[in-house]
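None of the values given here were measured: they were computed from a predicted structure.
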Amino acid sequence: CWLSFRDPSLGGHWRWPGDELPLYTNWNGEYKQPGLDDNGGEREPYSTLNTRGTLWTRGSRTDLSVLDGTWFDAADLGTAHALCNMPLEDAPPRPPPPPPPPP
């Protein structure tokens with residue numbers, strides 16, 4: 001499933017729509033996501049939740065089926081499915097950010 005979390009500059013600066021910084025990330029640690037080695041050394045600007053597909057690491061191919069809710073970077077979203085489809089104005093309100101830690 002695709003996420004709207006993107007790195008359009010390909011500089012490792014992942015953002016939500018509206019250029020919002022993440023309060024939380026859930027990158028897959030087992031496959032070192034987001035990674036440079038899984039697409040021939042090229043950065044990938046999109047993100048997906050779970051993955052089924054091929055991971056390339058230093059020229060070695062691994063077929064994956066990871067359905068644990070972790071995130072992967074992706075070169076394109078051709079095989080990802082939408083999580084939901086609704087106008088932004090109909091989306092539920094966002095929860096407030098957590099309070100800052102005490103001094």
Side-chain angles (χ1 to χ4, degrees):
C1 299
W2 67 271
L3 300 170
S4 58
F5 197 49
R6 297 183 58 201
D7 179 15
S9 69
L10 299 175
H13 306 289
W14 292 86
R15 299 285 192 272
W16 291 109
D19 206 32
E20 289 187 46
L21 293 171
L23 297 176
Y24 166 84
T25 59
N26 193 27
W27 294 111
N28 182 283
E30 181 180 358
Y31 293 100
K32 298 177 177 72
Q33 297 295 307
L36 287 176
D37 291 340
D38 59 355
N39 191 35
E42 295 179 26
R43 291 195 182 267
E44 298 170 310
Y46 302 103
S47 60
T48 62
L49 171 71
N50 301 323
T51 192
R52 282 191 176 152
T54 303
L55 184 74
W56 291 92
T57 306
R58 295 182 188 92
S60 174
R61 175 187 169 135
T62 304
D63 290 323
L64 295 178
S65 183
V66 179
L67 304 173
D68 62 2
T70 57
W71 303 356
F72 284 77
D73 59 359
D76 63 57
L77 299 174
T79 59
H81 301 282
L83 288 174
C84 65
N85 186 8
M86 73 172 65
L88 185 58
E89 59 271 9
D90 294 338
R94 224 184 211 161

Applying side-chain contact (heavy atoms from CB on, under 4.5 Å) between P34 and each of T25, N28, D73, report the one that passes.
D73

When every non-hydrogen atom of Y46 is compared with those of R6, the smallest separation belongs to CE2-NE, 3.4 Å

Quick one: CG on N26 to CG on L49, what's the gap to the nearest 0.5 Å?
8.0 Å

Does W14 have its ring centroid less than 6.0 Å away from the ring centroid of W71?
no

In terms of the angle between their ring planes, are W16 and F5 parallel, tilted or perpendicular, with boundaries placed at 30° and 60°?
tilted

Give every residue pair that meets the salt bridge (charged side-chain N to carboxylate O under 4.0 Å, His left out) criterion with at least one member in residues 11-21, sequence neighbours excluded.
R15-D19, E20-R94

Please identify each residue that fulfils side chain to side chain contact (heavy atoms under 4.5 Å, CB included) with P17, with sequence neighbours left out.
S4

For S9, which residues count as a side chain to side chain contact (heavy atoms under 4.5 Å, CB included) partner, sequence neighbours excluded?
D7, H13

With rounding to the nearest 0.5 angstrom, report the CZ to OG1 distance, F72 to T48.
7.0 Å

